[in-house]
Amino acid sequence: MADLNLNELHDTEFPLPEQMHGNVAITSLSKLYNWSRRSSMWPLLFGLACCAIEMIGTAASRFDFSRFGMEVMRATPRQSDLMIVSGTVTKKMVVPIVRLYNQMPEPKYVMAMGACASGGGPFKEGYNVVSGIDKYLPVDVYVPGCPPTPQALLHGLITLQKKIDGQSLANLDDVPWYGVGPSEPTPIPILGPDIIDPRQMDTIRRQAELAALGQPIGLRALPDVPVYKPKPKKAVAAAAVVEEVVVDEEDAARVMELRQAALARKRAYDASKS
Amino acid sequence: MTDQVLPEKVETTDVDSAIAYLKDKFPSAVSDDTRDGYSGVIVDKNKLVDVARAIRDELGYNYLSSATAVDYHTLGEPDSDMEMVYHAYPITGGGALVFKAQTPRDNPEIPSLVNVWPGADFQEREAYDLMGIRFPGHPNLKRILMWEGFLGHPLRKDWKEAYYEEDHKPFSSRWPSGNVWRAEEKNAYGKNVRYPDDFDLSRLNDVSEESLYEGLGLGVDVQAIEGTMHTDRLVVNMGPHHPSTHGVFRMVITLDGETIDTLEPVMGYLHRNHEKIGERNTYLHNMPFTDRLDYLSSMGNNLGYALAVEQLMALGPRWNPPSYRAEVIRVLMAELTRIVNHLWSIGFLLNDLGAFFTPMLYANNEREKILDFFEGVAGSRLMCNYVRFGGVFQDIPERIHSVQNMVNDRVRDFDSMKFLTELVSERLPRFLDEYEYYLSENEIIKARCINVGVLPPDEAVGYSAAGPLLRGSGIPYDVRRADPYSIYPELDFDIPVGERGDIYDRYTVRIREMRESLRILRQLLPRLEATKGESVAGTNAHTPRVPVGESYGRVENPKGELGFYVVSAGDAKGTQNPWRYHVRAPSFINLTPLGRMSHKQKVADVVTVLGSIDIVLGETDR
């Protein structure tokens, strides 16, 4: 980790004599908390699939996310702050994942790394695949890609840091773990004939009742929608010929004005660079 | 250092005379497979074990490469709807003897071949799990990829999953009509689940865990204690979340003190239904999915799948084989992939041995250089999706950028041939020398690896082990030599083998294989220069017309023999999807002897034994 930079910690709301800059910092409790938390974000050493290889690549010497305070990957959930769900979440694996999440101490964050963890990805239709970890756990940051490059993962981690920077201790919606009483653990799914989320028991029961009335179980009736049909090409071409080109003079003048302003800005920027 | 051990052709019969011999010996039980595009023999299932024994002992086809099930529901004859397909090879090299056993679909039952080939163990369990075929005689016929209690056998053709839309892609909801509803929106639970119609919530129980501990002999048998004190046996679960299981792999270990008594691998935590999805995809659709099998060596997976489909395409009209340059580039990529994979696997083996991260970081540094090349050529670091039917995606560009998405970076802009030449003739050899200098003679590594996790050669063959695991046991079997493909016959390289079959041998085999790969790569460089400008794109790469038939394409992937069994049922103008698409995954089958190798070892060694097999879970679970 970098040396302690008091300028970074100082809250600009409080004026400080110039000679004390870098030596003294006056800050709010929220900022101090957030600063310390975001600067030592310890991920769980936990890889699911292909994305885990890129995660290790990010941790390795070339990309090196220890530059952002994440070098300590902990193998036990009890010492980690961030769960990077790096890969396809299967129904068989989501049970241990929820269990691991429950074992992590608060404050805890979840990052969905890659297409599979974000929404099922290429394997979404598979019978053993959970279409996104957010079906079971609250996700803070989604990183797209299949797999995301190390640069993309780093961007996701920095985004998470920004999110933490914006949290306020005064707002319990931001930091529910400072509320009164223990937090509720996420219910652990059950492996029955298919995976069962205990939070969905009511829906399952209602579906069973509907099934008794003759509706197919588990299916939601959807209204018919008009099927999109592309216009025949000939008609489109003919329409283009007939259509007159109408120029809105006022609009054109406004566009020209904007363009010239942009050009002037670019020239000023180039001049300042040289 | 390298011993020239080429597989010599000993007295094994060729495939045709082997089939003639079988038909002569079992006239009522063995018949030719006369279906169009099929090969091999169909064996009466009641005689299967006898025939298999004859194939192994009398004909010399002693290496069972693959055993897989096919469901011919609505396609084949009604009384033989399911079929087990076995591919046996002579361990000294040569073509496959394919034999099949058929069984009716309503009561599928085929005798187990575990007693003939122990390597059939997991493959039969997989067929039971996904197809529902029972194997009388199998000692441990439980589900292997799905959990115990899961409803149905998903690879059957009439089994539909929750997000099922249509049998073939592209789905009409996406193209060409493109309405706005998808299957998942119709699901009332908002999740990828489907419950049986008679679902009883009052009897809800999770039996998937209990079934694991059945038959482990837990608890103390008080009757058996006579006089002396016995220790209770302890069950340790390693995984699925464990830093040393290389992914989401789990081992249920029973310990006597610190010694391992039994070890049962539990897998399926990354079972993402590759085969079921593959049977719905078009042929080209599957290419990017193969990347995600063994995600450390995607180029090799691409090649294996392309070979399997090309074998079928070659039977049809309008087939142009890949150009010479395309073959050179394919081999180039396959060998670079081998180095990538071995660097990674050795780095992590040392991690497992306690050399925490330093060797791995060194190896990863070199690996990144090769990934840069992949990124420049294929567009992606990890999931290359590069090989096409009859060629490759594109030629090697003139210049590559070491980080592809920074194309304006002038500092890391290289001439590709110069970059490659420097990599294979200077940088990597120098690195290997340095790496070996620090590791190979290290006392701790030797103490922990030599004579640990030994797999004798005859058992390695019986367990269908492949790759460095097989060669570490002293069997010089390498598909590149035993059943050559691409331009390997004209290349000069040796097959390194071990002597004792322990972890250290597997480690040295990998190191020496990297040197051999570099030797191959150096032979490829002048070929690349000579063929500059030749076309590399496959002629019908995007809309392959695949004739009816079956094919088994296999390549020597870094982890072992990777095979693709593809059955095509589609006519040339109809649906272009494989009827059956099976992956013979080396990581999966190489785990069969894990329990045997870990028996009577210390619990700390099981991690290194597993590390020396070098599995990757994307391929194990598929």
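Numbered from 1 within each chain, the chains take letters A, B, ... in sequence-line order.
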If you tally heavy-atom pairs under 4.5 Å against chain B, which of A:Thr203, A:Ile195, A:Val130 wins?
A:Ile195
I'd like to verify something: which residue of A:Val95, A:Ile56, A:Ile97, A:Val89 has the highest number of heavy-atom pairs under 4.5 Å with chain B?
A:Ile56
So which part of B:Leu361 gets closer than 4.5 Å to some heavy atom of chain A, the side chain, the backbone, both or neither?
both
Considering only heavy atoms, which portion of B:Tyr269 lies under 4.5 Å from any heavy atom of chain A: side chain, backbone, both, or neither?
both
Residue part contacting chain A, namely of B:Phe348, when any heavy atom lies under 4.5 Å
side chain
Looking at A:Arg206 and A:Asp202, does any basic side-chain N land under 4.0 Å from a carboxylate oxygen?
no
Heavy-atom distances under 4.5 Å only: say whether A:Ala52 touches chain B with side chain, backbone, both or neither.
neither
Measure centre to centre between the rings of A:Tyr127 and B:Tyr164, then say whether the value is under 6.0 Å.
no
Working for side chain to side chain donor-acceptor pair (under 3.5 Å), residues A:Lys92 and A:Asn128
CA-CA 7 Å; A:Lys92 209 171 172 180; A:Asn128 192 27; over 6 Å; no
Identified salt bridge (charged side-chain N to carboxylate O under 4.0 Å, His left out) partner of A:Glu125 from the options B:Lys276, B:Lys169, B:Arg272:
B:Lys169
Under 4.5 Å to a heavy atom of chain B? For A:Leu44 that would be side chain
Do B:Glu148 and B:Lys142 meet the salt-bridge criterion of a basic N to acidic O distance under 4.0 Å?
no
Can the ring centres of A:Tyr136 and A:Tyr101 be said to be less than 6.0 Å apart?
no
